[in-house]
Amino acid sequence: MSNVLIIGGSRGIGAAAVRCFRDSGDSVVFTYHKSELEADALRQETGASMVRCDIKYSDSVRIAVERAVDVMGSIDILICNSAIADYNLITDIEETRWEEVIDTNLNGVFYAVRHVLPAMISRKRGCIITVGSMWGEVGSSCEVAYSASKAGVIGLTKALAKELGPSGIRVNCISPGLIDTDMNKSVDESAISEMAEETPLCRIGTPEEVAKVMKFLASEDASFITGQVISVNGGFIV
């Protein structure tokens, strides 16, 4: 059994990951920011531990990591899932909003990795899973900030895999397509239907399908996989 820290675990893909790892008997600590009611309900449902964290700030992440270590003793698996979306023409994006998206989606991954890594390097083992997006691979019109942040996550993942491989630490990125989460609730239903029709599997994905890939990448079955971007998009991007 493993000790798992999930950054951004109160809803959507993160909550599905909490359930998936707990169902396998792993110890799980997950972070939340504003969704305290959802987080507490998930804690009661699964027995996982929760800790508030604002991923935009290094000190907040450091405290969350320290609390996770207090609960579990160590962190074997780090999953960086926290993210926000933005739908705007680049000419309409406020600079403060741009910074918020980059701070949350990219800098937050950097902070989490930085605070978890020393112990992993000391033990010469560990697994880090980042969450990118298919828009980080190909870009999306009117989602420049989001696409740029997720492209950064993909680059960070590949570079880290090369840097940390000699220390026995694997680093991989999951790149979801359109998934049925709260993040996509604001997307027009007709746009969702159109994207589903353009997807070879003719539907959108579920958080559970992404979580199962996380579980695989964290397992010994994936012991020779690192530096990879695993697309979970139903074939929308091939």
What's the shortest heavy-atom distance between [X] and [Y], and which atoms?
| X | Y | result |
| --- | --- | --- |
| G234 | T199 | O-CG2, 3.2 Å |
| V4 | I6 | CG1-CG1, 3.8 Å |
| V71 | S49 | CG1-OG, 3.7 Å |
| K56 | Y111 | O-CE1, 3.4 Å |
| S133 | K150 | CB-CG, 3.7 Å |
| C127 | I169 | N-CG2, 4.5 Å |

| task | Among V232, V131, T181, find the residue that satisfies the side chain to side chain contact (heavy atoms under 4.5 Å, CB included) test when tested with V210. | result |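 When V232, V131, T181 are each tested with V210, the side chain to side chain contact (heavy atoms under 4.5 Å, CB included) holds only for V232.
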Quick one: does any side-chain atom of [X] pair with a main-chain N or O of [Y] as donor and acceptor, under 3.5 Å?
| X | Y | value |
| --- | --- | --- |
| S122 | P118 | no |
| N172 | G227 | yes |
| S147 | S140 | yes |
| N3 | D76 | no |
| S60 | D54 | yes |
| R52 | H33 | yes |
| S35 | E38 | no |
| Q228 | T226 | yes |

| request: Might you work through the side chain to side chain contact (heavy atoms under 4.5 Å, CB included) test for R170 and I128, ending with a clear yes or no? | output: CA-CA 6 Å; R170 297 185 299 108; I128 297 172; over 6 Å; no
Tell me, do [X] and [Y] make a side-chain contact under 4.5 Å, heavy atoms counted?
| X | Y | result |
| --- | --- | --- |
| D86 | I93 | yes |
| S58 | V61 | no |
| N233 | L178 | no |
| E137 | V229 | yes |
| V101 | L106 | no |
| V18 | R43 | no |
| N81 | I174 | no |
| R19 | R22 | no |

| task | Look up atom CG in N105 and atom SG in C80, then write down how far apart they are to the nearest 0.5 Å. | result | 11.5 Å
| query | Taking atom SG of C142 and atom CD1 of I90, what is their separation to the nearest 0.5 Å? | reply |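 Here the rounded value is 10.5 Å.
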Verify same cluster id: [X], [Y] (apolar side-chain graph, 4.5 Å):
| X | Y | result |
| --- | --- | --- |
| Y32 | M72 | no |
| I55 | V28 | no |
| I7 | L164 | yes |
| F216 | L78 | no |
| F21 | I75 | no |

| request: Could you tell me whether R97 and E100 have a side-chain N and a carboxylate O separated by less than 4.0 Å? | output: yes
| field | salt bridge (charged side-chain N to carboxylate O under 4.0 Å, His left out) evaluation trace for E66 with R62 | value | CA-CA 6 Å; E66 290 173 352; R62 175 183 56 79; 3.2 Å; yes
| said: Other residues, nucleotides and ligands only: do more than 12 of their heavy atoms fall within 6.0 Å of CZ on R114? | reply: no
| message | Take a 6.0 Å sphere around CD of Q44 and say whether it holds more than 12 heavy atoms from other residues, nucleotides or ligands. | response | yes
| query | So K158 and V171, side chain to side chain contact (heavy atoms under 4.5 Å, CB included) or not? Walk me through it. | reply | CA-CA 8 Å; K158 292 182 177 182; V171 191; over 6 Å; no
